[in-house]
Amino acid sequence: MVKVNLGGCSSFVKDADYKAYVEKALAAWDVLDAESGAGNDFLGWKTLPVDTPEQLIVGCEAVRDDWQARGVDLVVTIGIGGSYLGARCAIEALSHNFLPKTGAPRVVFAGNNLSEEYLAELMDLLAVSNAACVVISKSGTTTEPAVAFRLVKQYLENKYGRSEAAERIVAITDAKRGALKTLATQEGYRTFIVPDNVGGRFSVLTPVGLLPIALAGFDIRAMLRGAADERAAMIVKSADNEAVKYAAMRNLLHTGCGKAVEVFVTYNPKLTYLAEWWKQLYGESEGKDGKGIFPASVTNTADLHSMGQFIQEGSRVMFETVITVENSNRKVVITSDPQNLDQLNYLADQRVEHCNAMAQLGTKIAHIDGGVPQLEIGVEKIDEYNLGAIFYFFEFACGVSAYTLGVNPFNQPGVEAYKKNMFALLRKPGFEAQTEEILKRI
């Protein structure tokens, strides 16, 4: 279960102010619970941990088993934004930092950029692999994933033949409409549905996240159990509700203390993509109507040697949200050395994770002394169960926080602005009238 520690903020806020923001957060909790706020047609994520049908889980496992039987050693997962960040977060958190998982294919990601070198090197990897593909898009026409899928699809068809390629492609898309749905029906791809009432950044516990995670060899049932247990805590209205506490404090620090930036801090590189997932979730949910807290991230202790100076003594515009992990899954003990040239014998017989914890505690004290409030989000360890809990906690807290801030957490109107300009510059049919106007501005 996720626990929130607000002790690192106590010297920056008054108790009365915090209590007032708790009341605001509880009012926002009411809106989210009653499903009466803006964007309430995108609240399907709330019950996913308890409503996910057994048939869906079995379907994910069936694809996993079939591709294993075909000797697939590479799965290209194609999607952008919420269509890949949750899956990548989970897979990187659960994977060995250096070694492949025995008995499972390597899962790589494409369709999240338009880098020519990235796609060329993906094709190099396909050439030396026994490959399959998961393509994720409600429409099938979003530029980045559509470009990647066209290339991968053509490669698979050329290498394996059209019929066998169809067995190596799974589409996660709209139930009834869209270019990808049409293609999947035409070619006979196995298909999973992106629920209409779940937005992309809230979709990690749908097939969008569950299928790639299962293909990578991890336990999606345990992930859903963790999310379900977290949900049970989140749906209890209380000032001690961890989501209410997080939402109340971050909004108080923002609007009451002038903190415009929230720095998401991890002390384990396995959680770097948790920060990337979190940044989309909060940035896209709250950054609108001229409002919002800018989401940034660092991975310590590495970034203490790069961003540490700014956080310690730069502009006082930020607060930190630190992910703390109680128990490491591995044990490494620092040995003694007779020469002691590196002067580390004082650490002999200590676990490396103890040093990491002391670095985290020392940094907390230094940053608080330097004027940076710090929240802590704690979990027991990194595994499927706890990741499920983390996903659900941040999603629920995001809804509460955004309603507290006074914005619709479930739309993203600003995302379309760059696309219109890009389409005009690429001379996409239908955008010709805007091309000359755009060219005059560059």
Side-chain angles (χ1 to χ4, degrees), residues 44-45 47-79 82-84 86-91 94 101 103-109 111 130-138 140 145 149 152-153 156 160 163-178 180-200 202-228 384-385 387-388 391-392:
W45 58 270
T47 58
L48 285 173
V50 293
D51 285 351
T52 297
E54 175 68 11
Q55 182 180 1
L56 192 156
I57 300 172
V58 170
C60 292
E61 293 170 341
V63 176
R64 177 199 65 196
D65 294 345
D66 176 55
W67 285 358
Q68 185 176 36
R70 293 173 189 271
V72 168
D73 58 19
L74 177 73
V75 175
V76 181
T77 298
I78 295 175
S83 293
Y84 91 101
R88 185 162 189 176
C89 160
I91 291 169
L94 297 169
K101 184 175 176 63
R106 178 183 178 186
V107 178
V108 300
F109 296 87
N130 186 346
C133 171
V134 176
V135 55
I136 306 166
S137 176
K138 283 191 72 101
F149 182 54
V152 172
K153 172 181 174 291
L156 294 177
Y160 301 109
S163 177
E164 174 64 15
E167 298 297 324
R168 293 167 175 264
I169 296 173
V170 170
I172 303 177
T173 189
D174 191 86
K176 298 178 181 178
R177 58 189 178 273
L180 182 55
K181 172 61 178 175
T182 299
L183 179 65
T185 301
Q186 173 186 301
E187 298 294 327
Y189 301 157
R190 279 171 287 194
T191 304
F192 292 83
I193 304 305
V194 180
D196 286 336
N197 61 351
V198 179
F202 289 84
S203 68
V204 64
L205 298 177
T206 73
V208 168
L210 295 178
L211 178 59
I213 294 166
L215 292 172
F218 300 111
D219 188 350
I220 58 176
R221 294 174 184 272
M223 186 169 290
L224 287 167
R225 285 197 301 273
E384 292 95 330
Y385 178 89
L387 278 172
F391 285 141
Y392 196 87

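For Tyr160 against Ala131, the heavy-atom pair with the smallest separation is OH-N, 3.0 Å. Considering every non-hydrogen atom in both Ala216 and Ala104, the closest pair reads O-CB, 3.4 Å. For the pair Pro207 and Phe192, the tightest heavy-atom approach, listed with the atom from each and the gap, is CB-CB, 3.7 Å. Across all their heavy atoms, Gly82 and Val208 have their closest contact at O-CG1, 3.6 Å. Here the closest heavy-atom approach between residue Ala184 and residue Thr191 is recorded as CB-OG1, 3.7 Å. Of all non-hydrogen atoms in Leu156 and Arg168, the two that sit nearest each other are CD1-O, 4.3 Å.
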Next item on the list: Under the side-chain contact (heavy atoms from CB on, under 4.5 Å) rule, what do Phe149 and Leu183 come out as? Steps first, then yes or no, please.
Entry: CA-CA 12 Å; Phe149 182 54; Leu183 179 65; 3.6 Å; yes
Next item on the list: Just do the side-chain contact (heavy atoms from CB on, under 4.5 Å) check on Lys101 and Phe218 with the steps written out, would you?
Entry: CA-CA 10 Å; Lys101 184 175 176 63; Phe218 300 111; 3.8 Å; yes
Next item on the list: Might you work through the side-chain contact (heavy atoms from CB on, under 4.5 Å) test for Ser203 and Val194, ending with a clear yes or no?
Entry: CA-CA 8 Å; Ser203 68; Val194 180; 5.5 Å; no
Item checked: Residues Asp196, Asp174; criterion side-chain contact (heavy atoms from CB on, under 4.5 Å); working and verdict -> CA-CA 7 Å; Asp196 286 336; Asp174 191 86; 3.2 Å; yes
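Sequence neighbours left out, not one pair with a member in residues 202-212 passes salt bridge (Lys or Arg N to Asp or Glu O under 4.0 Å).
Evaluation of the salt bridge (charged side-chain N to carboxylate O under 4.0 Å, His left out) rule for Asp66 yields Arg70, Arg190 as partners, not counting sequence neighbours.
Rounded to the nearest 0.5 Å, atoms OG (Ser163) and CD (Glu187) are 10.0 Å apart. Here Thr77 contributes atom OG1 and Ile172 contributes atom CD1; the two are 8.0 Å apart, rounded to the nearest 0.5 Å. For the atom pair NZ of Lys181 and CD1 of Ile193, the computed distance is 5.0 Å after rounding to the nearest 0.5 Å. If you take CG on Asn130 and CG on Leu74, they are separated by 9.0 Å, rounding to the nearest 0.5 Å. Here the CG-OG1 distance, from Leu180 to Thr173, works out to 4.0 Å after rounding to the nearest 0.5 Å. To the nearest 0.5 angstrom, Thr52 atom OG1 is 12.0 Å from Met223 atom CE.
Contact check for Pro145 versus Tyr84: no side-chain heavy atoms found under the 4.5 Å cut-off. Side-chain contact check for Leu210 versus Leu224: some heavy-atom pair is nearer than 4.5 Å. Taking 4.5 Å as the limit, every side-chain heavy atom of Val135 sits out of range of all side-chain heavy atoms of Tyr189. Annotation: side chain of Cys133 is in contact with side chain of Ile78 (closest heavy-atom distance under 4.5 Å).
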Which pairs would a plain distance check flag for residues 56-65, meaning a side-chain donor or acceptor within less than 3.5 Å of a matching protein atom at least two apart in sequence or in another chain?
{"residue": "Glu61", "atom": "OE1", "partner": "Arg221", "partner atom": "NH2", "Å": "3.2"}
{"residue": "Glu61", "atom": "OE2", "partner": "Arg221", "partner atom": "NE", "Å": "3.1"}

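Listed for the Glu384 side chain is a donor-acceptor partner under 3.5 Å among the backbone atoms of Asp219. At distances below 3.5 Å, at least one donor-acceptor pair connects side-chain atoms of Trp67 with backbone N or O atoms of Glu167.
More than 12 heavy atoms of other shown residues, nucleotides or ligands fall within 6.0 angstrom of atom CD in Gln186.
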